[in-house]
Amino acid sequence: EMVRAGQAVAVQNGHEMQAEFKDLENRSYASGIGMWATFACGQPEGGAPDRPQLRVADVSYDPTGDDASSLDDEWVEIVNESYGTVNMSRWTVRDESSSNRFVVPNLSLNPGDTLRIITGCGTDGGGTVYWCSDLPVWNNDGDTVILQDELGNTVEHWPYAGS
């Protein structure tokens, strides 16, 4: 009932109800209910009544070799499909777990631009920022990329089934 009402994230960990829960989550997201509502956590000051059109363009969740040794090859890409520039400062990129959270540094994404968030450590720049995680973030057997604005409103919900 919590997943159906948009009050919980369905975790893909192989449990027997996984497919049903993910379907319910996708329906609640598409309906914009619960935590998936456009302004569930409030409307940004001066914000437009519509969500910015930022989308997950791609995820590299299963790099070649040992995932823990290939953190620079694990990443998520966000593309700005809006007509205007989106200030992503203090936005959050997370997975369906309760532990993996990345707060976007002070940056803006122009229309058509892509931001790549690499799991490993490095120097930010040129459309790339680094999570600097010691462990892989994106599960090989399925996960959900959740992009939230600075208030915690979900802007994008992108589940994948894995390899």
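Heavy-atom minimum distance, Leu109 versus Ile78: CD2-O, 4.0 Å.
Under the 3.5 Å distance criterion, the side-chain polar atoms of Asp124 are matched with a main-chain donor or acceptor of Tyr130. The main-chain N or O of Pro111 is never found under 3.5 Å from a side-chain atom of Ser82 such that the two would form a donor-acceptor pair. Without hydrogens or angle criteria, Ser133 side chain to Gly120 main chain gives no donor-acceptor distance under 3.5 Å. The closest donor-acceptor contact from the side chain of Thr119 to the backbone of Glu74 lies under 3.5 Å. With hydrogens and angles disregarded, a donor-acceptor distance shorter than 3.5 Å links the side chain of Ser60 to the backbone of Asp73. Although no hydrogens or angles enter the test, the distance criterion places no donor-acceptor pair under 3.5 Å between the side chain of Asn140 and the main chain of Gly162. Checked by atom type and distance alone, the side chain of Gln18 pairs as donor or acceptor with a backbone atom of Gly14 at under 3.5 Å. No donor-acceptor distance shorter than 3.5 angstrom exists from the side chain of Thr92 to the backbone of Gln148, with no hydrogens or angles considered. Not a single donor-acceptor pair under 3.5 Å links the side chain of Glu77 to the backbone N or O of Ala57.
Linking Ile, Leu, Val, Met, Phe, Trp and Tyr residues whenever their side-chain heavy atoms come within less than 4.5 Å places Leu107 and Val155 in a single cluster. Under the 4.5 Å side-chain heavy-atom criterion for Ile, Leu, Val, Met, Phe, Trp and Tyr, Val129 and Val59 are members of the same hydrophobic cluster. Leu71 and Tyr61 fall into different hydrophobic clusters, where Ile, Leu, Val, Met, Phe, Trp and Tyr residues are linked whenever their side-chain heavy atoms come under 4.5 Å apart, directly or through other members. Taken together through direct or relayed side-chain contacts under 4.5 Å among Ile, Leu, Val, Met, Phe, Trp and Tyr, Ile117 and Val145 form part of one hydrophobic cluster.
Side-chain contact check for Asp95 and Asn139: no donor-acceptor pair (N or O, by modelled atom type) lies under 3.5 Å.
Evaluated for a side-chain contact (heavy atoms from CB on, under 4.5 Å) with Leu147, the options Met88, Arg55, Arg94 yield exactly one hit, Met88.
Ring geometry, His15 versus Phe21: the interplanar angle falls from 30° to 60°, so the pair is classed tilted.
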